[in-house]
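Have a look at the structure below before the remarks.
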Amino acid sequence: MLGSHTYLEFQPTGYLHMASLQSSPAWKALKAHHKKYAGLHMRDLFDADENRFEDFSLCLGGLFLDYSKNRVTKETMSLLIDLAKAADVEGWRRDMVAGEPINTTEDRAALHVALRNPLDHAPMQAMGEDVMPDVRALRIKMRGTADAIRSGAWTGATGSAIAAIVHIGTGGSHLGPEMVTQSLAPVHQSAPGGPAMHFISNVDGVQITTALDGLTPETTLFIVASKTFTTEETITNARTAKAWLVDALGSDAVANHFIAVSGNTQAVADFGIPPDNTFDLWDWVGGRYSVWSAIGLPIAIALGMDVFEEFLAGAHDMDRHFQDAPLDANMPVILGLIGVWNTDFLGSPALAILPYDEGLRGLPDYLRQLEMESNGKARDTKGRPVEVGTAPVIFGDPGTRGQHAFYQALHQGRQLIACDFIAPMESRHTTGSHHDRLLANFLAQTEALMKGRTEAEAVAAMEDQGVASAEMKGQLPHRIFEGNRPSNSIVADKFDAFTLGQLIALYEHKVFVQAVVWGINPFDQWGVEWGKELAAQILFEMEPDSYEAFSQEHCSSTLGLIARLKAHKAKTP
Ligand code: F6P
């Protein structure tokens, strides 16, 4: 559609972005529709249409999306598809895959799809340059490194095989590898095991100190993952790790015990990690979209490169579906539009991510960064205020743990909170009836949220339970559930590397679709920068004699806290 453009030439498409979103015909039509059907209850929608489940669900291989338990009708979906067309989701999708600079504020492509492109496929270009030769070379180097570590051919400075990997990174350079490794490890228990994995992501020294306390320098390998190699937290942890290693084995040992994944090769070299141990990261790969790159090296080391490539293949499968399927049968498009409906028309400020799979316990955190760092923006691509709600607050916990923590608020709280329930039909284990019980809870929760419980049903339940009639009146209002609370159910045949790849790519493209509708750039994160700059300044000001000179720049709260901190430091040895 567009040739290769630079940022200044690249013009976002879609008429929504020329006018204000709320004054566009597509948005106004949805507003009117919402007003007309505001009183609709999902119970009635199910009663009126016996095919609702078939009509409001989609399947891609082993991954199934049921979106029937949302407050939508066929007309709602059709108006939402009109909105996607008006925003030119199809054009933006083509531009993304064509490697156009759709990350407009940084003048970069966002071509993470190339990282999971099969190696025998056609070239893929980022701003006019074929990236596939680099991707090919990366996969070969990852396989060689993972195999060498797993087989024991990679040895430490004293000739011992590697028994433990300490991965140091944060945000997009941490969440993906940990989440995927956790999710898939039990499935592949019978495969020859890789080394033990430790993930360090917090600058709080407790985390790295605790990890190092249990490790032996001779058999420990560090991976420092940082796209910029300037992230203070990661570099501080990496320096602590290096000092620990050098103290035990001398500075020559760094070459055998450190690997870097970074786009800043100069900073890596300055740190002392040799080029052979350095994996490149390109500017067309955003941090929270980078698990498919060498950032995923811990996955290949822990589970084998074949597993990592299955994970890539699953994501590629979703990429093809996203590119080829018509909008009204397109899983990421449907999931994205349902999210826009829930956020902006039903007023849901949050999305609960509820995996009924212990392996996926890292998924809520992973998706929290993906959604909130991508779409937590208040300006559109042209710098104008966005008039509507954007990224919801993402939170969650695996079922059934979450049920005993926050589901009360999902069922009866004053805020409407949309939910994504995620479950595998087949478990990683065959222990007793655990999996059936887990799935029964998953199904029960989605139905209870949808149906609620009427007064008559609450009375009948109390009678069944033998509640004394004197107590019934008092309990009744508390036992009524209004229901009508929206949820998606995403069910996999099982969560293996392939379906997990599909699932993560599904959410990536969902976030992209929403960004296009809201007219924002999901690939930058300027909001994180200001806090980082201020932290660097305050660190300097916390030095014994240095802060008075800057004091006028802070509010009295910050000044008071700095003073209290300094006074405490002065008292402590
Ligand atoms: O949190 C801000 C951020 O820039 C994320 O986007 C990124 O994933 C993370 O920091 C880590 O950045 P880096 O890989 O450069 O250390």
Side-chain angles (χ1 to χ4, degrees), residues 102-112 115 138 166-181 199-204 207-208 222-242 258-271 273 277-299 362-377 390-391 393-394 504 507-508 511-512 515 520-536 539:
I102 57 171
N103 177 356
T104 47
T105 58
E106 296 179 304
D107 193 16
R108 291 176 184 170
L111 201 59
H112 39 284
L115 294 166
L138 168 72
V166 179
H167 180 271
I168 300 174
T170 194
S173 297
H174 151 246
L175 290 163
E178 183 166 31
M179 181 271 292
V180 175
T181 307
F199 291 90
I200 306 297
S201 56
N202 194 340
V203 75
D204 186 331
Q207 201 184 20
I208 190 154
F222 295 93
I223 301 176
V224 186
S226 174
K227 185 175 168 186
T228 55
F229 223 77
T230 57
T231 302
E232 204 43 50
E233 299 91 312
T234 297
I235 301 308
T236 302
N237 280 326
R239 285 200 195 107
T240 300
K242 187 176 166 187
F258 270 84
I259 286 176
V261 183
S262 180
N264 186 350
T265 43
Q266 186 55 54
V268 172
D270 293 347
F271 185 86
I273 300 175
N277 293 8
T278 304
F279 289 80
D280 211 353
L281 253 184
W282 307 284
D283 69 2
W284 46 268
V285 183
R288 52 195 172 273
Y289 300 87
S290 65
V291 65
W292 324 99
S293 71
I295 290 290
L297 185 62
I299 305 166
L363 190 67
D365 282 2
Y366 180 83
L367 295 182
R368 185 173 61 193
Q369 188 204 15
L370 179 63
E371 297 226 7
M372 295 180 74
E373 198 165 88
S374 296
N375 284 344
K377 318 263 164 81
T390 55
V393 173
I394 305 284
I504 303 305
Y507 276 94
E508 283 182 353
V511 165
F512 179 67
I520 57 187
N521 174 7
F523 300 115
D524 62 12
Q525 57 284 319
W526 297 99
V528 192
E529 298 306 320
W530 172 221
K532 281 190 199 170
E533 284 168 33
L534 208 49
L539 183 66

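FYI, side chains are in, hydrogens and waters are out, and symmetry mates aren't considered; it's all heavy atoms of this structure. All of these numbers come straight from a predicted model, not from anything done at the bench. Counting starts at 1 for both ligands and their atoms, following the listed order.
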| Quick one: nearest non-hydrogen protein atom to atom 11 (C) of ligand 1, plus distance? | T170 O, 3.3 Å

| note | Per-atom filter on ligand 1: closer than 4.0 angstrom to a heavy atom of Q525 are 6 (O)

| query | Would a distance-only check, ignoring hydrogens and angles, find a side-chain to backbone donor-acceptor pair under 3.5 Å from D283 to R108? | reply | no

| request: For residues Y507 and Y366, establish whether the separation of their ring centroids is below 6.0 Å. | output: no

| query | With a cut-off of 4.0 Å, which atoms of ligand 1 are near a heavy atom of G172? | reply | 7 (C), 8 (O)

| Donor-acceptor contact present, side-chain T240 to main-chain T236, <3.5 Å | yes

| query | Does S201 use its side chain to pair, donor to acceptor, with the backbone of H174 at less than 3.5 Å? | reply | no

| note | Taking only non-hydrogen atoms of S173 and a 4.0 Å limit, the atoms of ligand 1 in range are 13 (P), 14 (O)

| Ion pair present between K377 and D524, side-chain N to carboxylate O less than 4.0 angstrom? | yes

| Using a heavy-atom cut-off of under 4.0 Å, does the side chain or the backbone of K227 touch ligand 1, or both, or neither? | both

| query | Is the backbone N or O of N202 less than 3.5 Å from a side-chain atom of Q207, with the two atoms forming a donor-acceptor pair by type? | reply | yes

| Tell me: protein heavy atom nearest atom 1 (O) of ligand 1, and distance? | E373 OE2, 3.2 Å

| request: Describe, in one word, how the ring planes of F271 and F229 are oriented to each other, choosing from parallel (under 30°), tilted (30 to 60°) and perpendicular (over 60°). | output: perpendicular

| request: Measure from the side-chain N and O atoms of S374 to the backbone N and O of E371, and report whether any donor-acceptor pair falls under 3.5 Å. | output: no

| remark: Taking only non-hydrogen atoms of S226 and a 4.0 Å limit, the atoms of ligand 1 in range are 13 (P), 14 (O), 15 (O), 16 (O)

| query | Got a donor-acceptor contact below 3.5 angstrom from the T231 side chain to the E233 backbone? | reply | no

| note | Quick look: V528 vs ligand 1, heavy-atom contacts under 4.0 Å, and the answer is side chain

| Part of K532 within contact of ligand 1 (heavy atoms, under 4.0 Å) | side chain

| task | Determine, using heavy atoms of E233 and all atoms of ligand 1, whether some pair is separated by less than 4.0 Å. | result | no

| request: Measure the distance from atom 15 (O) of ligand 1 to every protein heavy atom, then report the residue, atom name and distance (to 0.1 Å) of the closest one. | output: T228 OG1, 2.6 Å

| Should Q369 be listed as contacting ligand 1, given a heavy-atom distance under 4.0 Å as the test? | yes

| request: Ignoring hydrogens, just give me the one of T234, N264, L281, T231 whose non-hydrogen atom is nearest atom 13 (P) of ligand 1. | output: T231

